[in-house]
Number of protein chains: 4
Amino acid sequence: MTRRRSDTRERIRQTALELFLERGYDQTSLREIAERLGVTKAALYYHFKTKEELVASLGEDVDRNLAELVGWGRSQPSTPEVRRELLRRLSVIVSEFAPVARFFQENQAALRTVRGEQRNREHMIALTELITAPDPSTEDRIRAVSALFSVFFGPFALEHLEGDPEANRATLLKVAAEILRLPDPE
Amino acid sequence: MTRRRSDTRERIRQTALELFLERGYDQTSLREIAERLGVTKAALYYHFKTKEELVASLGEDVDRNLAELVGWGRSQPSTPEVRRELLRRLSVIVSEFAPVARFFQENQAALRTVRGEQRNREHMIALTELITAPDPSTEDRIRAVSALFSVFFGPFALEHLEGDPEANRATLLKVAAEILRLPDPE
Amino acid sequence: MTRRRSDTRERIRQTALELFLERGYDQTSLREIAERLGVTKAALYYHFKTKEELVASLGEDVDRNLAELVGWGRSQPSTPEVRRELLRRLSVIVSEFAPVARFFQENQAALRTVRGEQRNREHMIALTELITAPDPSTEDRIRAVSALFSVFFGPFALEHLEGDPEANRATLLKVAAEILRLPDPE
Amino acid sequence: MTRRRSDTRERIRQTALELFLERGYDQTSLREIAERLGVTKAALYYHFKTKEELVASLGEDVDRNLAELVGWGRSQPSTPEVRRELLRRLSVIVSEFAPVARFFQENQAALRTVRGEQRNREHMIALTELITAPDPSTEDRIRAVSALFSVFFGPFALEHLEGDPEANRATLLKVAAEILRLPDPE
DNA sequence: TATGAATGAGTCTTCATTCAT
DNA sequence: AATGAATGAAGACTCATTCAT
């Protein structure tokens with residue numbers, strides 16, 4: 001039963017996410033995580049200094065991806081094509097990290113003080129600005145927020161929607177683009 | 001300085017909401033609420049049987065309003081005008097109960113097991129159906145969810161937006177109607 | 001079985017002191033104190049916010065007495081009679097609070113960060129200065145420290161000494177006075 | 001940069017003593033020692049079977065020296081000269097092992113169950129007897145204890161005293177001899 | 001209408017220690 | 001000579017809740 005270095009660390013993260021989603025962050029104790037995993041609490045502490053560090057580690061991948069997306073957005077001119085691409089890429093990230101994203105969304109209050117979560121919030125604000133038309137009216141700003149929310153939260157609300165998930169995502173994206181009044185791509 | 005029946009009960013609710021918003025539901029203890037109010041924990045228990053009953057009581061007004069709105073919607077024919085009116089009325093409710101709505105939104109995971117919160121979730125689903133065009137395509141469903149989310153979450157994201165709040169709300173509503181593809185009212 | 005207000009608080013202090021003396025501060029857990037007392041740990045926390053507050057409370061009486069003694073000393077002229085009286089009064093305090101004094105003495109390192117203990121240390125330094133002859137030579141300083149230590153630690157070392165404790169205390173005091181080179185009182 | 005046998009062992013002892021002095025025995029964990037040293041906890045266990053064995057090893061040198069001193073004292077006739085020499089030699093030992101001595105003094109309660117510390121306490125009792133005049137009165141016993149305490153604790157209290165440390169030690173010794181009523185040496 | 005005192009269950013966290021490699 | 005991974009036991013502390021007064 002060989003086990004490569006820190007297989008355990010990864011299993012802890014997965015089990016933690018599972019339980020955090022099932023029962024909520026504050027209602028999930030490290031004891032429960034350890035038990036479901038079949039290790040001792042102390043083993044968790046060997047791999048993560050605190051419960052907060054564990055949860056922060058769950059947000060790191062999203063954080064990295066969003067940071068990169070924001071970086072890319074900032075390096076581009078503010079054209080409709082770029083804004084459309086930003087929405088598209090965000091939607092890819094959200095669907096790739098759906099469970100984590102959902103967890104953070106449902107536990108906002110509980111995670112307010114967690115480092116990583118603060119960064120993610122900042123990224124969302126940055127993205128909102130990037131998809132907002134230059135020199136925006138109040139209505140433009142509202143459109144930006146609406147479009148972003150649709151892309152971000154939509155998948156959770158639509159989880160049980162029939163049909164091909166990829167097609168649904170495309171439709172969601174189309175609606176979001178329409179909210180933003182992006183011209184149809186050829 | 002007369003004090004109407006159960007002034008205290010109301011003050012407990014307000015202080016609780018305040019703290020729940022500041023620190024999150026699970027991170028707020030009854031001790032903290034009692035302390036900020038200058039009474040004993042036991043006093044809280046005189047007015048509310050449990051912490052859960054206290055938080056449930058916070059959702060009751062919203063619950064009543066949403067229930068009424070759903071009831072009204074169901075009693076109407078499914079016309080564009082009715083759907084527009086549903087959005088408008090929802091937006092009024094959200095803005096009237098903004099703090100409570102925000103609290104429930106940010107503490108979804110923590111409140112999943114709370115009676116009142118489950119009812120509110122059901123109301124939102126019912127509303128989604130009511131504003132969905134009859135015989136809907138997948139895209140119609142997506143539009144319905146997007147519109148509803150915009151009306152519901154928009155205010156939180158736009159809290160710091162400049163300009164007259166009433167005017168902003170009207171604009172938000174206009175955007176939502178557009179997402180739903182409701183024809184312009186005359 | 002009537003019990004006057006906060007009988008319990010006092011019983012906690014006594015039991016704590018007992019155990020702290022038997023097993024040392026750090027080796028004594030609140031669980032042990034609670035068990036020996038027949039209450040729950042939570043009951044201890046009802047009366048003392050932390051373990052540190054509990055131990056600090058044990059030092060308060062000594063603190064008060066030493067503070068008063070230092071105050072008195074400072075209000076007096078620096079004569080041999082006053083210095084002799086300072087030693088005498090200190091010896092009374094030490095014997096009145098022998099268990100507490102011993103506990104603090106044996107757990108210096110563990111208590112270094114406890115508020116009350118810091119104050120007591122300062123009092124001892126102040127007393128050392130007060131019993132030091134004015135314009136002291138190095139030797140005078142050494143005499144002061146030696147005399148004070150004898151009065152303070154002597155009783156612990158002499159606990160098992162035969163003979164009348166009061167008489168022993170008088171002898172100890174006489175030796176201390178001699179160390180300080182105080183002239184015999186008439 | 002050759003490294004003699006068990007350089008590490010010695011560095012562990014030093015770091016441990018450092019930390020024990022800074023934070024107290026019970027408040028110092030093996031993790032802290034290992035971290036300050038830049039090794040793993042497991043490395044400590046390679047060199048010392050337990051934490052207790054580590055701390056015991058710190059007392060060994062003092063133990064050996066005191067044992068030897070007691071042995072010497074027992075082999076001598078009980079003359080004033082011998083008693084004076086005992087005080088002198090003790091004072092040399094205390095000043096050579098000042099940090100260790102201080103550590104044991106400040107952590108008495110924590111170390112009560114440590115083998116080495118018990119032996120040291122016995123040595124001190126033996127020394128007290130050796131410096132007590134034969135056929136002693138109560139006062140003689142008190143003098144012996146006072147003198148011994150002065151020699152043993154004095155240095156810690158006088159640490160910040162100005163002047164040449166060697167000269168101070170000599171003065172301390174002179175005072176101690178006077179407490180014991182030893183006649184002046186020619 | 002409220003309080004003071006208490007509890008039982010649970011939380012996160014740390015520790016000394018072990019052992020295969 | 002030393003490490004990485006893990007454990008079992010325990011620690012301080014907090015919480016929602018109860019109840020006699």
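By convention in this document, chain letters (A, B, ...) are assigned in the order of the sequence lines, proteins followed by strands, and residues within each chain are numbered from 1. Small disclaimer: the values here were computed from a predicted structure and weren't measured.
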Between the protein and nucleotides 17-21 of chain F, which nitrogen or oxygen pairs come in under 3.5 angstrom?
| unit_1 | atom_1 | unit_2 | atom_2 | d |
| --- | --- | --- | --- | --- |
| dT17(F) | OP2 | Y45(B) | OH | 3.1 |
| dT17(F) | OP2 | K51(B) | N | 2.8 |
| dT17(F) | O5' | Y45(B) | OH | 3.4 |
| dT17(F) | O4 | K41(B) | NZ | 3.4 |

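- Nearest nucleotide to the A43(A) side chain, out of dA6(F), dG8(E), dT3(F): dA6(F).
- I12(B) CD1 to D7(B) CG: the interatomic distance, rounded to the nearest 0.5 Å, is 10.0 Å.
- The separation between Y46(B) atom OH and dA2(E) atom P is 8 Å, rounded to whole Å.
- Listed pair R31(C) / dA12(F) fails the phosphate criterion, with no side-chain N or O lying under 4.0 Å from OP1 or OP2.
- Across residues 15-26 of chain B, not one residue has a non-hydrogen atom less than 4.0 Å from an atom of DNA chain F.
- Atom pair F48(A):CZ and dA6(F):P shows a separation of 12 Å (rounding to whole Å applied).
- For E10(C) and dA5(E), the CD to P distance is 14 Å, given to the nearest whole Å.
- Between S29(C) and dG11(F) there is a side-chain N or O to OP1 or OP2 distance below 4.0 Å.
- Distance I33(A) CD1 to dT11(E) C1': 13 Å, rounded to the nearest Å.
- Rounded to an integer number of Å, the gap from CZ of R11(D) to C1' of dA1(F) is 13 Å.
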According to the Watson-Crick and G-U wobble definition with distances under 3.5 Å, which dot-bracket string, read 5' to 3', encodes DNA chain F, using [ ] for crossing pairs and | for pairs with another strand? .||||||||||||||||||||
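- Below 30°, between 30° and 60°, or above 60°: for F103(B) and F20(B) the angle between ring planes is below 30°, a parallel geometry.
- Residue Q27(B) contributes atom CD, which lies 11 Å from atom P of dA16(F) at whole-angstrom precision.
- For R119(D), the salt bridge (charged side-chain N to carboxylate O under 4.0 Å, His left out) partners at least two apart in sequence or on another chain are D63(D).
- Proximity of T8(B) to the phosphate of dA2(E): a side-chain N or O atom is located under 4.0 Å from OP1 or OP2.
- Qualifying side chain to side chain donor-acceptor pair (under 3.5 Å) partners for N120(B), counting only residues two or more places apart in sequence or in other chains: none.
- Rounded to an integer number of Å, the gap from CG of L54(C) to P of dG11(F) is 15 Å.
- Taking atom CG of residue L37(A) and atom P of nucleotide dA5(F), one finds them 15 Å apart after rounding to whole Å.
- Side-chain N/O atoms of H47(C) include none lying less than 4.0 angstrom from OP1 or OP2 on dG4(E).
- At distances below 3.5 Å, at least one donor-acceptor pair connects side-chain atoms of Q27(C) with backbone N or O atoms of A110(D).
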Donor-acceptor contacts, no H, no angles, side chain residues 33-46 of chain D, under 3.5 Å, sequence neighbours left out:
| unit_1 | atom_1 | unit_2 | atom_2 | d |
| --- | --- | --- | --- | --- |
| R36(D) | NH1 | E18(D) | OE1 | 2.8 |
| R36(D) | NH1 | E22(D) | OE2 | 2.9 |
| R36(D) | NH2 | E22(D) | OE1 | 3.0 |

